[in-house]
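When a ligand or atom number is given, it counts from 1 through the structure's own listing order.
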Amino acid sequence: MIIVMQAGAAQKDLDGVVARVEQLRLKPHVIVGTERTVVAVVGDERDAAGSGFESLPGVAAVMPILAPYKVASREVQSEPTVVRVGSLAVGGPSIGVIAGPCSVESEEQIVATARAVKAAGATGLRGGAFKPRTSPYSFQGMKERGLELLAAARQETGLAVVTEVVSPEDVPLIVRYADVLQVGARNMQNYRLLEAVGRTQTPVLLKRGPAATVEELLLAAEYVLDGGNRQVMLCERGIRTFETHTRFTLPLATVPWLHARTHLPVVVDPSHGTGQANLVESMSAASVAAGADGLIIEVHPDPKAASSDGGQTLDFNAFERTMRICRRVAEAVGRTI
Ligand code: PEP
Ligand code: MN
């Protein structure tokens, strides 16, 4: 349920509501908006039956949250969440672009890429150090050395670092280096991992599983939010369908659908979404037109030589061109890049 506080309710009234929620063994999430403060109450709401929140001082209204996801829902927070970390802001009027290689391979590779994507207008640097690969024989990433190289590239360019965490036990290591924790498509429903990143205060980029519904994506985000970490970005990265002409099918209707239901920002990954470098420019532009708050794009100095995902990776020139087109589309839809 949502307990809406009166405009100008005193802090002691809010404290009283929170205390009563906790007394009922439910969990309060206080959301302070510009116009009103609400307390989203989560847990088994049968425990709240007849609890009389309406009559507590400072309470304006009590209503049910209809969506199965609670803290993620627009019913609880009407204003968009803006995820901000270092150079990156996602969810505001300006579109955040995170670019970089699928995997960190060497200092020269990551630093050269960071410089090039920054010059083209990217505000975040991606690069996998811990890679979840379909085959156990494929390159698994440089692990901690890769994290050190990402930190060196951040030092050099100031770009916020986005990197994947594949298991709960790696979270303490990765938060020492990362500005954003990427939870990959294969781990979207790894609930112990979601709880572990939810206990940190490091922003999270949560990618949609290729066989997950958008409602399941929102419920996965809810795990992170319920843990106390409110800095969550959702990422559409394509789903598996009967279609084989692209690696995945990139459904862009997800973007406005999610915007209608959640305050969390939505990022699109046209690289994994298509699997083909020659489709990335158009689908990036289409994502911006559909209202994406951010893009995550794979870029490498020499895609043919990349140790993972080379076929869907842009070189520096193609990325620069993509940014130019996206900037024009952004302007047409009232945004900036
Ligand atoms: C990646 O970003 O390189 C990646 C592995 O993505 P996904 O989890 O979407 O497959
Ligand atoms: Mn990749």
Asks: Mark up the atoms of ligand 1 that fall under 4.0 Å of a heavy atom belonging to Gly184, in ascending order.
Replies: 8 (O)
Asks: For atom 10 (O) of ligand 1, what is the closest protein heavy atom, and at what distance to 0.1 Å?
Replies: Arg237 NH2, 2.8 Å
Asks: Below 4.0 angstrom, N of the basic side chain to O of the carboxylate: do Arg335 and Asp293 qualify?
Replies: yes
Asks: Judging by distance only, is a nitrogen or oxygen of Asp309 under 3.5 angstrom from one on ligand 1?
Replies: no
Asks: Under 3.5 Å, side chain of Gln189 to main-chain N/O of Tyr191, donor-acceptor pair present?
Replies: no
Asks: Is the closest basic N to carboxylate O distance between Arg324 and Glu320 below 4.0 Å?
Replies: yes
Asks: Run through the protein N/O/S atoms less than 2.8 Å from the Mn ion (ligand 2) and write them out by chain and number.
Replies: Cys102 SG, His272 NE2, Glu298 OE2, Asp309 OD2
Asks: Check ligand 1 against Cys102 and write out every atom of the ligand that is under 4.0 Å from a heavy-atom position of the residue.
Replies: 3 (O)
Asks: Passes salt bridge (charged side-chain N to carboxylate O under 4.0 Å, His left out), Arg328 versus Glu331? Steps please.
Replies: CA-CA 5 Å; Arg328 294 177 61 193; Glu331 199 181 315; over 6 Å; no
Asks: Is the closest basic N to carboxylate O distance between Asp309 and Arg247 below 4.0 Å?
Replies: yes
Asks: Do Glu216 side-chain atoms and Thr213 backbone N/O form a donor-acceptor pair below 3.5 Å?
Replies: yes
Asks: Give me the residue, atom name and distance of the protein heavy atom closest to atom 4 (C) of ligand 1.
Replies: His272 NE2, 3.4 Å
Asks: Do Arg176 and Glu144 sit within salt-bridge range, that is, some charged N less than 4.0 Å from a carboxylate O?
Replies: yes
Asks: Are Gly128 and ligand 1 in contact, using a heavy-atom cut-off of under 4.0 Å?
Replies: no
Asks: Determine, considering heavy atoms only, which of Lys131, Arg126, Met188, Glu164 sits nearest to atom 2 (O) of ligand 1.
Replies: Arg126
Asks: Evaluate Val85 against Gln231 for side-chain contact (heavy atoms from CB on, under 4.5 Å), listing each step before the verdict.
Replies: CA-CA 9 Å; Val85 55; Gln231 292 276 288; 5.9 Å; no
Asks: Does a salt bridge link Arg145 with Glu148, judged by any charged N lying under 4.0 Å from a carboxylate O?
Replies: yes
Asks: Do other residues, nucleotides or ligands put more than 12 heavy atoms under 6.0 Å from the CD atom of Gln6?
Replies: yes
Asks: Could you tell me the residue and atom name of the protein heavy atom closest to atom 6 (O) of ligand 1, and the distance to it rounded to 0.1 Å?
Replies: Lys207 NZ, 3.0 Å
Asks: Charged N to carboxylate O under 4.0 angstrom, Arg126 versus Glu298?
Replies: yes
Asks: Please determine if Ala185 has a nitrogen or oxygen closer than 3.5 Å to a nitrogen or oxygen of ligand 1.
Replies: yes
Asks: Can you find a non-hydrogen atom of Arg208 under 4.0 Å from ligand 1?
Replies: no
